[in-house]
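A quick write-up on the structure given underneath.
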Amino acid sequence: MTDLLLQAEGLTKSFRKGRTSRLAISDISFSIAPNTILGLVGESGSGKSTTVRCLLGLERPDSGTVTYDGHELTAGDQAAWRRFHDDIGMVFQDPYSSLNPRMTVERIICEPLVGRTAPRDLRERCVEMLELVGLSADHLGRHPRSFSGGQRQRIAIARALIARPRLLICDEPVSALDVSIQAQVLNLLKSMQETLGLTVLFIAHNLAVVRYMCDHIVVLEKGRVAEQGSREAIFEAPATDYTRSLLEAVPRTDPELERARRAARRNTLSTSRSSS
Ligand SMILES: Nc1ncnc2c1ncn2[C@@H]1O[C@H](COP(=O)(O)OP(=O)(O)OP(=O)(O)O)[C@@H](O)[C@H]1O
Ligand SMILES: [Mg+2]
């Protein structure tokens with residue numbers, strides 16, 4: 001009955017440092033509607049990875065809940081965690097270290113299905129995925145070293161999607177790539193999201209990337225949600241100085257962002273005028 005696929009409610013996690021403990025994230029709440037892309041942004045150390053690790057059950061939050069498809073995972077139901085993990089595909093930042101250099105492309109891509117799919121169907125599924133990400137059956141027997149960074153990330157995407165996940169988690173998926181090919185990989189992710197009806201959690205530093213990709217954006221600052229809202233709300237009328245400073249920090253090469261930045265500045269001026 002829920003129209004939300006994944007919900008984080010009040011996630012809080014601290015780490016012990018010597019005799020004191022420090023909050024890494026505090027009271028993080030957001031939800032992802034099916035078939036949408038949610039962006040999690042913030043500076044280094046703002047708590048993006050800790051939030052995702054709590055969502056995935058890799059860290060146990062001090063408090064707060066994670067609910068997937070109407071089931072509260074943090075209540076400790078192992079079967080619900082298993083179903084959740086079966087529904088997830090992941091794409092990591094660095095396609096140079098995330099692909100096993102000793103495996104062929106076929107083994108890398110098929111690995112998530114080994115033991116779950118008849119061996120004779122594996123190659124067919126693999127070729128289908130390769131073609132979907134813009135590669136071909138000719139690449140099956142090759143090793144990662146013979147591919148460029150962008151092609152490796154395509155292989156990583158094929159691997160993440162071969163088990164037909166509902167939820168794709170992308171952790172800085174283009175920040176290790178050459179700027180000239182980032183757009184191609186983003187376009188691929190976007191078209192996969194649309195074609196396969198995926199729900200995506202997209203973690204990034206780069207606001208231009210987030211603006212291009214995401215429907216809803218959660219801005220993290222020092223472990224807290226500084227603000228969240230639709231792409232339009234965040235970029236056209238950022239509510240906090242922190243978000244404005246993130247916008248300011250983006251190199252002025254993107255005309256769309258430049259427009260958003262000017263609108264944000266006008267907005268600040270008119271707010272400060274009306275409040276004085
Ligand atoms: N295992 C850990 N032990 C101790 N402190 C940790 C641990 N993991 C994270 N932290 C601390 O929690 C805070 C948030 O870190 P986190 O890795 O979640 O940030 P991030 O937004 O992912 O940063 P980045 O963009 O650099 O990846 C930081 O102060 C970090 O030092
Ligand atoms: Mg991180």
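All values below come from the heavy atoms of this structure, side chains included, with hydrogens, waters and symmetry mates left out. As the structure lists them, so they are numbered: ligands from 1, and atoms in each ligand from 1. Treat the numbers as computed from the prediction; the structure is a model and nothing was measured.
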Would you say E221 and S46 are linked by a side-chain donor-acceptor pair, where the criterion is simply a distance under 3.5 Å? no

Using a strict cut-off of under 4.0 Å between a residue heavy atom and any atom of ligand 1, list the qualifying protein residues by chain and number. F15, R22, A24, E43, S44, G45, S46, G47, K48, S49, T50, H205

Salt bridge (charged side-chain N to carboxylate O under 4.0 Å, His left out) partners of R123, counting only residues at least two apart: E106

N206-Y212 side chain donor-acceptor pair, cut-off 3.5 Å: no

Name all pairs fulfilling the ring-ring contact (aromatic ring centres under 6.0 Å, His included) condition that reach into residues 38-72, sequence neighbours left out, sorted by first residue then second. Y68-F84

Hey, does the side chain of K48 reach the backbone of E43 with a donor-acceptor pair shorter than 3.5 angstrom? yes

Consider only side-chain N and O atoms of T65 and E72, and report whether a donor and an acceptor are under 3.5 Å apart. no

Given side chains that start at C-beta, do those of K13 and L11 come closer than 4.5 Å, heavy atoms only? no

Check whether W81 reaches the backbone of L73 with its side chain - one donor and one acceptor, N or O, closer than 3.5 Å. yes

I want to check something: taking the side chain as every heavy atom from C-beta on, are T199 and R166 in contact at a cut-off of under 4.5 Å? no

Listed protein N/O/S atoms, distance to the Mg ion (ligand 2) under 2.8 Å: S49 OG

